[in-house]
Amino acid sequence: MIPAPQLPLSDVRIALGGPADFAGWRSAARRLLLDGVRPEDVAWEISEQAQETPSECRRQAGITVPRSFLERSETVICHADPARFGLLYRILWRLKREPFLLEIASDPDTRTFEAMDKAVRRDLHKMRAFVRFRRMVDEAGEHFVAWFEPDHFIVERNAPFFVRRFAGMRWAILTPHASARWDGTLLHLGPGADRADAPDADDAEALWKTYFRSVFNPARLKVKAMQAEMPKKYWRNLPEAALIPSMISTASEAESRMIARMPTTAPATHRKIQARHWPPDKIPDAGGGEDAATLAELGAAAAACRRCPLWENATQTVFGEGPQTAKWVFVGEQPGDQEDLAGRPFVGPAGKVFDAILEEAGIDRTSVYVTNAVKHFKFEPRGKRRIHSKPNAGEVRACRWWLDKELGLIRPDLVVALGATAVQSLLGKALPVTKLRGGTIEREDGLKVFVTIHPSFILRIVDPQDKAAERARFLADMRKVRALAA
Ligand code: URA
């Protein structure tokens, strides 16, 4: 709970525009310093009417303050302790004569300054991690509301972070002392609210719980560390927190189940599988496939590809899949562990994410062609596991021969490059996906290439809100693809 301010009686009273009014404090502090007003003679208070006059601003010239002090003061001023304004002014006053004051860790003012800085930064971090939006619908459509109880006055300072992260949705964060609302264009800061103003649960609740259950790794459970990171005071606003006690109590059982479900191991007999497809006396030259008139013929030739050494350790070639009449071609990086065993692209975890988002975007996977820049699984054996390893430029170049053939037979309206390796293959050089994302590039041969991320990127994001935001961006990209080729 943030305490009510108790101010000492002093000669000079300074009114600030709000509990974290750094600009007001800074302007007043500089004036006071120029006028030689001693820290003990100043009382700081908060008043809605507080204003800065232009003549006062002009008088600020001529004071130099260490930049690091100002930067950290902007954080410290958000602290709930009413003494923070006076502390900051006292440090500023002392810095004139003791320029290394903030390096003296034993000094009581330095110690308090450090502790306040740390406490506010922790609170900022916790807010970023533990704000949970709940979906609501009003006359303008969908919007999201979250309730959060910070220890300090951090709403205004943290609001730009939420604007950046959730720019595409309308949202409000309500707290007891302030609120922030983003209408999709403008940020509005307002007064505090009541817990009852925010909804309790929504449809996303079940999704959060499923997600939390799926990322919970019982083998890594450290109860103390978890409780330090996610203190109990935040639990009541976190849908997933209801699961924690039961997950802790069943962790060892879950760990045994997880070990039993260890990732697949490459079949020791994989060379035999290859031999079954292509008995040694029938293996064609690396260049097989030149005359292929259909995707089926091309795929059959690719099964014996020796254009780069990756074939040697992979189980089989994973060729593209989909109709030759497809309007859209999606190009991934390379098959993963499960694709290597199944012999089909995008059937593993990344494929599941991809399928779900395609469906949400209204794209029927069976009507599009899905393939990879590299057609063999490249991996590093680690114990019993095969860990994905990124194909190098030579491997991408070698396999481009197949991709060009696939595109030549299909002649799609649009090719979607999923991630950096696909971009490298389709556009002939390594280009930054983050810069090109969401845009279409026309190649010299007229082929239009839409650039986006690889769906496995979404899988790798740990923070649930980042994950949800990235998923929403990818869905928006897929909707754009649909509109482009419609
Ligand atoms: N990642 C890819 O790029 N392709 C697949 O087929 C599977 C995962």
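Atoms within a ligand are numbered from 1 in the order they appear, just like the ligands themselves. Values below: all heavy atoms of this structure, side chains included; hydrogens, waters and symmetry mates excluded. Numbering starts at 1 and runs along the sequence shown.
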Inset, instruction - Return yes or no for this condition: an N or O of F346 is under 3.5 Å from an N or O of ligand 1. - result: yes
Inset, instruction - May I ask you to list the atoms of ligand 1 that are less than 4.0 angstrom from any heavy atom of E333? - result: 2 (C), 3 (O)
Inset, instruction - Might you work through the side chain to side chain donor-acceptor pair (under 3.5 Å) test for Q334 and H388, ending with a clear yes or no? - result: CA-CA 9 Å; Q334 62 162 349; H388 164 278; 3.1 Å; yes
Legend entry - Closest protein heavy atom to atom 4 (N) of ligand 1, given as residue, atom name and distance to 0.1 Å: N372 OD1, 2.7 Å
Inset, instruction - Assess R307 against W401: is NZ or CZ under 6.0 Å from the centre of the six-membered ring, and within 45 degrees of the ring's axis? - result: yes
Inset, instruction - Determine, for F144 and R134, whether the Lys NZ or Arg CZ falls below 6.0 Å from the six-membered ring centre while staying within 45 degrees of the axis. - result: no
Inset, instruction - Provide the number and element of each atom of ligand 1 under 4.0 Å from a heavy atom of P345. - result: 6 (O)
Inset, instruction - Return the orientation label for the W402 and F319 ring planes: parallel under 30°, perpendicular over 60°, tilted otherwise. - result: perpendicular
Inset, instruction - Output yes when a side-chain donor or acceptor of N392 lies under 3.5 Å from a complementary backbone atom of E395, and no otherwise. - result: yes
Inset, instruction - Using a 4.0 Å heavy-atom cut-off, say whether Q334 meets ligand 1 through its side chain, its backbone, both or neither. - result: backbone
Inset, instruction - Could you tell me whether the side chains of R121 and T75 share a donor-acceptor contact shorter than 3.5 Å? - result: no
Legend entry - ligand 1 atoms in contact with G332 (distance to a heavy atom under 4.0 Å): 3 (O)
Inset, instruction - Show which atoms of ligand 1 fall inside a sub-4.0 Å distance from at least one heavy-atom site of H454. - result: 1 (N), 2 (C), 3 (O)
